[in-house]
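As structure tokens, the structure follows; a few thoughts come after it.
Basis for what follows: all heavy atoms, side chains included, without hydrogens, waters or symmetry-related copies.
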Amino acid sequence: VYALIIINKAGGLIYQRDFADGLNKLNINDYLVLAGTFHGVHAITTRLHPLHPPPSLDPSTRPDPPSGIEVLETENFRLQCFSTLTGTKFLLFTEPQQPNVDKIMGKIYELYGDYVMKNPFYQLEMPVRCEGWERRLVGYLRVLNSR
């Protein structure tokens, strides 16, 4: 796992951390631009779908709404996006062949819920500054990266 970025529902960067060498180091302005750009692209891709839904056997069922961009893969890295129901987006940068990215993302989200969202001092949509979250996240990803 190379890096994690968390974007709030308005497209603002609320968390960024590098966990391994492998990606070029960016300055904070670059991360802010990346967060805003990804938010815009994600919003556009949620609107890309066929004009007419495919016919289904049961007229009472509706297709799932488009989820937007979920994976961006290059020969150097893979970007996996997990978008929560509240609009928060978790962007995980990994090696292209990283196995079980969905499970890793699920564990990161579980830690986020336990240590950030349950923290009475955390304000929604603001930058994440929780020591417990940071310790648990770094510990979890250090074990993954050492394999």
Side-chain angles (χ1 to χ4, degrees), residues 1-51 53-54 56 61-119 121-147:
V1 175
Y2 295 136
L4 174 68
I5 294 176
I6 303 176
I7 304 171
N8 66 17
K9 66 181 174 187
L13 179 69
I14 61 172
Y15 184 80
Q16 180 281 320
R17 172 97 188 232
D18 295 331
F19 297 100
D21 296 331
L23 295 177
N24 288 333
K25 302 297 180 200
L26 302 176
N27 63 39
I28 192 63
N29 288 335
D30 293 334
Y31 283 112
L32 291 169
V33 169
L34 176 63
T37 302
F38 185 86
H39 178 74
V41 169
H42 190 272
I44 291 168
T45 59
T46 60
R47 303 200 37 155
L48 295 175
H49 56 84
L51 293 175
S56 65
T61 62
R62 286 198 256 172
D64 291 335
S67 60
I69 192 167
E70 293 179 1
V71 177
L72 181 100
E73 195 166 327
T74 73
E75 59 188 39
N76 299 321
F77 70 91
R78 173 186 172 137
L79 166 64
Q80 179 92 22
C81 175
F82 172 67
S83 185
T84 67
L85 292 175
T86 60
T88 303
K89 292 168 203 62
F90 290 74
L91 306 180
L92 189 66
F93 293 84
T94 66
E95 293 179 338
Q97 36 313 53
Q98 176 75 40
N100 303 319
V101 176
D102 291 339
K103 289 182 182 180
I104 296 169
M105 194 69 86
K107 180 65 176 176
I108 291 171
Y109 184 58
E110 178 184 324
L111 292 171
Y112 177 81
D114 287 345
Y115 292 96
V116 176
M117 298 309 292
K118 292 179 183 177
N119 182 339
F121 301 108
Y122 176 68
Q123 295 178 359
L124 291 175
E125 307 298 317
M126 297 305 290
V128 176
R129 303 209 194 307
C130 302
E131 287 182 32
W133 148 259
E134 194 78 23
R135 266 194 316 274
R136 297 294 193 290
L137 179 67
V138 169
Y140 171 65
L141 294 177
R142 183 178 299 133
V143 170
L144 278 177
N145 284 341
S146 66
R147 293 182 188 169

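The CG atom of Leu26 sits 8.0 Å away from the CD atom of Gln16 when rounded to the nearest 0.5 Å. Between atom CD of residue Glu131 and atom OH of residue Tyr115 there is a gap of 13.5 Å, rounded to the nearest 0.5 Å. In this structure, OG1 on Thr45 lies 7.0 Å from CZ on Phe38, to the nearest 0.5 angstrom. Rounded to the nearest 0.5 Å, atoms CH2 (Trp133) and CG (Asp114) are 10.5 Å apart. Taking OH from Tyr140 and CZ from Phe19, the interatomic distance works out to 11.0 Å, rounded to the nearest 0.5 Å.
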Got a list of side-chain donor-acceptor pairs under 3.5 Å for residues 88-111, not counting sequence neighbours?
unit_1, atom_1, unit_2, atom_2, d
Lys89, NZ, His39, ND1, 3.3
Lys89, NZ, Gly87, O, 3.1
Asp102, OD1, Gln80, NE2, 3.2

Practice item. Before giving the answer on side chain to side chain contact (heavy atoms under 4.5 Å, CB included), spell out for Thr86 and Lys9 the whole-Å C-alpha distance, their side-chain angles and the decisive distance to 0.1 Å. Key: CA-CA 7 Å; Thr86 60; Lys9 66 181 174 187; 5.9 Å; no
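Inter-residue side-chain proximity for Ile14 and Glu125 is flagged as unmet; no heavy-atom pair is nearer than 4.5 Å. Annotation: side chain of Leu144 is in contact with side chain of Leu141 (closest heavy-atom distance under 4.5 Å). Between Leu13 and Ile28 the shortest side-chain heavy-atom distance falls below 4.5 Å.
Annotation for Ile69 and Cys81: closest pair O-CB, 3.8 Å, computed over non-hydrogen atoms.
Thr37 contributes no side-chain N or O that, together with a main-chain N or O of Leu34, makes up a donor-acceptor pair within less than 3.5 Å.
More than 12 heavy atoms of other residues, nucleotides or ligands shown are found within 6.0 angstrom of CZ on Arg17.
Of the listed residues (Leu137, Ile5, Ile7, Asn8), just one forms a side chain to side chain contact (heavy atoms under 4.5 Å, CB included) with Tyr15, and that residue is Leu137.
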